[in-house]
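In what follows, chains are A, B, ... by sequence order, proteins preceding strands, each numbered from 1.
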Amino acid sequence: MVMHVTLPDDTELTVPAHATGRDVAETIGPGLAKAALGTVVNGALSDLMSEVPDGAHVRILTKRDDEWIDLARHTLAHVMAQAVREMLVEEGYPPEAAKLAIGPVIEHGFYYDMDLPRPLSADDLPALEERMRAIVKADLGLRTYVLPREEALARYEAAGDPYKTELIRDLPDDEPIRFYEQGGEAGFTDLCRGPHVPSTGAIPPHFKLTSVAGAYWRGDESRPMLQRVYGVAFATADALEHHLWQVEEARKRDHRRLGQDLELFRLDEEVGPGLPLWLPRGAVMVEEIEALAKEMERKGGYRRVRSPHLSKEDLFLKSGHLPYYEDAMYPAMELDDVRYFVKPMNCPFHHKIYDARPRSYRELPLRLAEYGTCYRYEDSGALMGLMRVRSMQMNDAHVYCTEAQFEEEFLAVIDLYKAYFELFGIETYEMRLSKHAEAGLGKKYVDEPELWLRTEAMVRKVLTEHDVPFVEAEDEAAFYGPKIDVQITSAIGREFTLATNQVDFAQPARFGLTYAAEDGTLKQPLCLHRAPLSTHERLIGFLIEHYAGDFPLWLAPEQVRIVPIADRHLGYADDVRAALEAVDLRAEVDARSERMNAKIRDAELLKVPYVVVVGDAEEAAGEVSFRSRREPDGKGVALDAFVEHLREARDARASEIAPIA
RNA sequence: GCCAACGUAGCUCAGCGGUAGAGCAGCCGAUUCGUAAUCGGCAGGUCGUCGGUUCAAUUCCGACCGUUGGCUCCA
């Protein structure tokens, strides 16, 4: 009984039937067998303990291959679970008290979700890590076997483990119920589809437990909260060190830290959670962003409108928001038996503005824009610096158009996204077409099954025909229609949605919006909700991390810091400031009784793009000397030329500045 | 909202049953200096809030508020 496998160089190898990856490696040669850590079978990661199917393409992994570290990460999840169990047993708990849920490999590492008899804290991690290292050092061999479903179930039912039994029950009938065991029966066994390294000794010592967190069983908030321990693991010490360095660097550009250091915003406990205060420097940025958006929208044919911060309940009942989102709205205030709500979005107001008088097809597309101030009662646990807040100002607009105009309007919005991304140097982003799920009709989504399919198809068609790359996401639409979100990863690795764009077929109907068509009949417009710059809060939070606080000239809260060398230069320093302010450049003179070095240092810490130093030489010649975070230092530059140079760079909103001639 | 941790001066942090300390920032004074911290002095805290234990609580316990890491959610 033999079978054949094909190696990467296309040689065919004859091995005994039911041969494992290890058997294949041994057949190739003893040296390889010794170095082998895992396999790739028919393109999928597998391991040495698993049988290889007849006719498979097999590649043996050694530590020269990048892929094998995921095997070690997976085994580390088991090693960690074993360490947790050992620790609890030592504390006097029975072994089955630690119930294991799932322990997958993730980017850079692994985690394991567990239901434990006592809460773990970060203080437990060093001890756990030490136990893990002992298990690695003990070099426990791994083996895998398959059990019949009933036997597997009986095993976990006996231990009273609801998680594994649920997992087993949910496995398809043809899926083998596989176990991995390390260190024999006395060691550690887990229901697992693999793959793993052949023994715990193969795990490189470059791992670290990073955090403990709660996680709902199967991500469902109605189910038990489990304890999740996260770890990272790498093939080399350098890789681990590099990762930890990156984490540290990321921490340094965290917008909350920089927002404080650069005096941009503040979250004050007494004001309320998720209600940021914009400090003067941050407010400058808000206004620059707003000026940018207004300029872009003017060019894009938008008209500006303004709407109140609150309205009567009826408006939100009509829009349909209230039934879906009441929990996430600040509660009603009641006056003279009328309930008012602070607005969580602007669309109902814009619909009313559309409806202010009868509309003609000649007016369409009608694009109404507003930097609307909204309030949402986000879950307390969801709040995070500026990225997730309860008061926000949205770069909002609604485009009302005919179905025939939809394509062009939709693309114009996508182009707007792209123009912004280019301006901010955002290179990696992902467009997501978020669709409804049938099960949610009438609950999460308005109950218009045909309209859903039709709008989704419309959007997909436009994206596809114009080669806009996108992925599709099930069950993530807005309640009134499909949406296009643009996911961005900030410099510190947090992924979140910046731009968003939704197609709304429901609200125009609910508001009875119409326009007189060419043939004199009344038709219903489509509505596009779009917010390419998200909210001020989220965008600026993102930009702080993106630029690490080192903003381009046009965005910098303070553009020029003027440092007089001695008090006798204060007069000239003030002349320089006046010259800059004459063209609306933001400049300040540091008139403190400090040494020049200290003033320069403070300006650098605030990441002021240009520091101008003026002394006797500059004053006599009407010149400036400057140091810049954007270009080589300048000496003896005529004041006029310097002002003009900065004015040009500012007006162009340049992120790169060509050195002054 | 859920699980866990944390909360001491404007900021970063030390202290931890006997009633609070440093550096930076601030204020005052001296210094007037050529590209990342001049020197000296002063002032600043109901130790998140409220309760409990104790002769005594910033320190131990509980609740609440806030923040953080995750989970869930995100019109």
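- A:Gln487 and A:Thr497 are linked by a side-chain donor-acceptor pair at a separation below 3.5 angstrom, with hydrogens and angles left out of the test.
- For A:Ala617, taking side-chain heavy atoms from C-beta onward, the closest of the listed nucleotides B:rG34, B:rA36, B:rA75 is B:rG34.
- Spacing between B:rG45 and B:rU38 at atom P, rounded to whole Å, works out to 28 Å.
- Residue order along RNA chain B, read from the 5' end via each residue's closest nucleotide, puts A:Met225 first among A:Met225 and A:Gly615.
- Comparing B:rU46 with B:rC50, their C1' atoms are spaced 13 Å from each other, to the whole Å.
- Rounding to whole angstrom units, CG of residue A:Asp113 and C1' of B:rU72 are separated by 13 Å.
- Nucleotides B:rU58 and B:rC6 place their C1' atoms 15 Å apart, quoted to the nearest Å.
- Rounded to a whole Å, the CD atom of A:Glu221 is 15 Å from the C1' atom of B:rG70.
- Contact check, A:Arg592 against B:rC27: no side-chain N or O comes under 4.0 Å of OP1 or OP2.
- Using a 4.0 Å heavy-atom cutoff across all strands shown, A:Lys635 reaches at least one base atom of the nucleic acid.
- The residue A:Asp616 sits close to a base: some heavy atom pair falls under 4.0 Å.
- The gap from the C1' atom of B:rC13 to that of B:rG17 amounts to 22 Å, rounded to the nearest Å.
- In this structure, A:Leu605 reaches the bases: a heavy-atom distance under 4.0 Å links it to at least one base atom across the strands shown.
- Side-chain contact annotation: A:Asp616 with A:Tyr572, donor-acceptor N/O pair under 3.5 Å absent.
- If you check every strand for non-hydrogen atoms under 4.0 Å, A:Gly385 touches sugar and phosphate atoms only.
- Between A:Leu258 atom CG and B:rC11 atom P the separation is 16 Å, expressed in whole Å.
- Taking only side-chain atoms of A:Arg627, from C-beta outward, the nucleotide of B:rU38, B:rA36, B:rA75 with the closest atom is B:rA36.
- Across all strands shown, nothing is found opposite B:rU53 as a Watson-Crick or G-U wobble partner with both distances under 3.5 Å.
- In this structure, A:Tyr480 atom OH and B:rC74 atom C1' are separated by 12 Å, rounded to whole Å.
- Applying the 4.0 Å criterion to OP1 and OP2 of B:rU38, one finds that A:Arg595 has a side-chain N or O inside that range.
- Of the residues near RNA chain B, A:Glu594 and A:Asp261, the one whose nearest nucleotide (by heavy atom distance) lies more toward the 5' end is A:Asp261.
- A:Ala122 comes within 4.0 angstrom of no nucleic acid atom, judged by non-hydrogen atoms across all strands.
- Dense packing is recorded around CZ of A:Phe496, with more than 12 heavy atoms of other residues, nucleotides or ligands lying under 6.0 Å away.
- B:rC6 is paired with B:rG66 under the criterion used here, namely a Watson-Crick or G-U wobble arrangement in which both key atom distances are under 3.5 Å.
- A donor atom on one side chain and an acceptor atom on the other are not found under 3.5 Å apart for A:His108 and A:Gln246.
- Dashed line: the shortest gap from a side-chain N or O of A:Lys483 to OP1 or OP2 of B:rA75 is under 4.0 Å.
- Side-chain atoms of A:Ser311 and A:Lys352 form no donor-acceptor pair, as typed in the model, at a separation below 3.5 Å.
- Both thresholds, 5.5 Å between centres and 30° between ring planes, are met by A:Tyr325 relative to the base of B:rA75, so the two rings are stacked.
- Phosphate contact (OP1/OP2 of B:rG1, side-chain N/O of A:Ser380, threshold under 4.0 Å): present.
- Contact annotation for A:Arg228: backbone-only contact, meaning every heavy-atom pair under 4.0 Å involves sugar-phosphate atoms and none involves a base.
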- Task: For side chain to side chain contact (heavy atoms under 4.5 Å, CB included), just list the numbers for A:Val212 and A:Leu125, CA-CA rounded to whole Å, side-chain angles, deciding distance to a tenth of an Å, and then say yes or no.
- Result: CA-CA 8 Å; A:Val212 285; A:Leu125 297 185; 3.9 Å; yes

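- Taking only side-chain atoms of A:Tyr216, from C-beta outward, the nucleotide of B:rC2, B:rG34, B:rG69 with the closest atom is B:rC2.
- Distances from the side chain of A:Asn597 to the nucleotides B:rG7, B:rG34, B:rA37 place B:rA37 closest.
- The partner of B:rU59, taking Watson-Crick or G-U wobble pairs whose two distances both stay under 3.5 Å, does not exist in any strand shown.
- For the side-chain contact (heavy atoms from CB on, under 4.5 Å) test with A:Arg561, the passing option among A:Asp590, A:Val613, A:Ile600 is A:Asp590; the others fail.
- Residue contacts shown for A:Thr210 are absent, as no nucleic acid heavy atom lies under 4.0 Å away.
- Residue A:Arg388 places a side-chain atom within donor-acceptor reach of the base of B:rC73, judged by atom type and a 3.5 Å distance cut-off alone.
- Out of B:rU67, B:rA4, B:rA75, the shortest distance to the side chain of A:Pro119 is found at B:rA4.
- Proximity note for A:Arg601 (side chain, C-beta onward) versus B:rA4, B:rU35, B:rA36: the nearest is B:rA36.
- Atom C1' of B:rU8 sits at a distance of 9 Å from the matching atom of B:rG15, rounded to the whole Å.
- Taking the side chain of A:Tyr230 as heavy atoms from C-beta on, and the options B:rG34, B:rC71, B:rA37, the nearest nucleotide is B:rC71.
- Remark: the A:Asp567 side chain and the B:rU32 base include a donor-acceptor N/O pair separated by less than 3.5 Å.
- Separation of the A:Tyr371 and A:His536 ring centroids falls under the 6.0 Å cut-off.
- The base-pairing partner of B:rC39, taking Watson-Crick or G-U wobble contacts with both distances under 3.5 Å, is B:rG29.
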- Message: Does A:Lys435 form a salt bridge (charged side-chain N to carboxylate O under 4.0 Å, His left out) with A:Glu474? I'd like the steps, not just the answer.
- Response: CA-CA 5 Å; A:Lys435 304 179 294 180; A:Glu474 299 296 334; 2.9 Å; yes

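- B:rU67 and B:rU12 have their P atoms separated by 15 Å, with the value rounded to a whole Å.
- Distance noted for atom P between B:rC73 and B:rA14: 37 Å (whole Å).
- Put simply, CG on A:Leu315 is 19 Å from P on B:rA75, counting in whole angstrom units.
- We find that CD of A:Gln227 is positioned 12 Å from C1' of B:rA5, with the value rounded to whole Å.
- With distances taken from any side-chain atom of A:Pro273 to the nucleotides B:rG7, B:rU67, B:rU38, the minimum falls on B:rU67.
- Using atom P as the reference point in both B:rA9 and B:rG48, the two lie 8 Å apart (nearest Å).
- Among the heavy atoms of the strands lying under 4.0 Å from A:Gly381 is at least one base atom, whether or not backbone atoms are also near.
- Listed candidates were B:rA36, B:rC65, B:rA75. Nearest to the side chain of A:Ala328 is B:rA75.
- Atom P of nucleotide B:rG48 and atom CG of A:Leu267 are separated by 19 Å, given to the nearest angstrom.
- A:Tyr480 and A:His529 form a side-chain donor-acceptor contact under 3.5 Å, judged by distance and modelled atom types alone.
- Backbone-only contact: A:Arg256 has heavy atoms under 4.0 Å from sugar-phosphate atoms and none from a base.
- When distances are taken from the side chain of A:Gln260 to each of B:rU12, B:rG69, B:rA75, the shortest belongs to B:rU12.
- Side-chain atoms of A:Glu618 and base atoms of B:rG34 include a donor and an acceptor less than 3.5 Å apart.
- The CD-C1' distance, from A:Glu378 to B:rG1, rounds to 12 Å in whole Å.
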